[in-house]
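The structure appears right after this line, and notes come after that.
Values below: every heavy atom of this structure, side chains too, minus hydrogens, waters and symmetry copies.
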Amino acid sequence: MEIDKVAFEWPNTPDRGYTMRVSYLKEPNSGDALVEIFKEGNPVRQFTFPAYKIYNLQAHFGDIVDGEIENNDSGYQIAASTGLEGITR
């Protein structure tokens, strides 16, 4: 897995000490992005995420931080959601 370029670092001012860096990846992993979560500058989590959904991470960063503090993945689940879960016919 090789980084192509940084897509963004978020937020400009840490949220309760947390920040993230999201990077696009080179082929053959270009459909994914590398997400790195930091607390007070120290890495706490690293994972790949679909590149087309990376801006959901920004939109739900407060939820992600809440989950990190509560030691659960609820914020990541919200960011990864399609919004269509639970819809039935």
*Going hydrophobic residue to hydrophobic residue with side-chain gaps under 4.5 angstrom, can you get from W10 over to V65?*
yes
_Path from I69 to M20 over hydrophobic side-chain contacts below 4.5 Å_ = yes
*Between CD1 of I64 and CG of N56, what distance do you get to the nearest 0.5 Å?*
9.0 Å
*asked:* Once rounded to the nearest 0.5 Å, what's the spacing between atom CD1 of I78 and atom CG of D66?
replied: 8.5 Å
*Supply the atom-to-atom distance M1 CE to T48 OG1, rounded to the nearest 0.5 angstrom.*
6.5 Å
_So that I can tick it off, tell me whether E68 and R16 are bridged by a salt bridge, with the cut-off set at under 4.0 angstrom between side-chain N and carboxylate O._
no
_Worked check of ring-ring contact (aromatic ring centres under 6.0 Å, His included) between Y18 and F61_ = CA-CA 9 Å; Y18 287 87; F61 192 66; 7.3 Å; no
_Atom pair CZ (R21) and CD (E9), whose distance is rounded to the nearest 0.5 Å_ = 5.5 Å
_With clusters defined by side-chain heavy atoms of hydrophobic residues (ILVMFWY) lying less than 4.5 Å apart, directly or transitively, does V35 cluster with F8?_
yes
*Do Q77 and S74 have side-chain atoms, one donor and one acceptor, less than 3.5 Å apart?*
no
*Between atom OG of S23 and atom CD1 of I3, what is the distance when rounded to the nearest 0.5 Å?*
4.0 Å
*If only atom types and distance count, is the side chain of D4 paired as donor or acceptor with the main-chain N or O of K26 below 3.5 Å?*
no
*Work out which heavy atom in A33 is nearest to a heavy atom in I54; give both atom names and the distance.*
CB-CG2, 3.6 Å
*Run the ring-centre check on F47 versus Y76 and record whether the distance is less than 6.0 Å.*
yes
_Membership question, hydrophobic clusters at under 4.5 Å side-chain separation (ILVMFWY): are V22 and F38 in the same one?_
no
*Report the C-alpha separation of Q46 and L34 in whole Å, then their side-chain angles, then the decisive distance to 0.1 Å, and conclude whether the side chain to side chain contact (heavy atoms under 4.5 Å, CB included) test is met.*
CA-CA 7 Å; Q46 179 177 314; L34 176 65; 3.5 Å; yes
*asked:* Looking at every heavy atom in both A79 and F49, which two are closest together, and how far apart are they?
replied: O-CZ, 3.9 Å
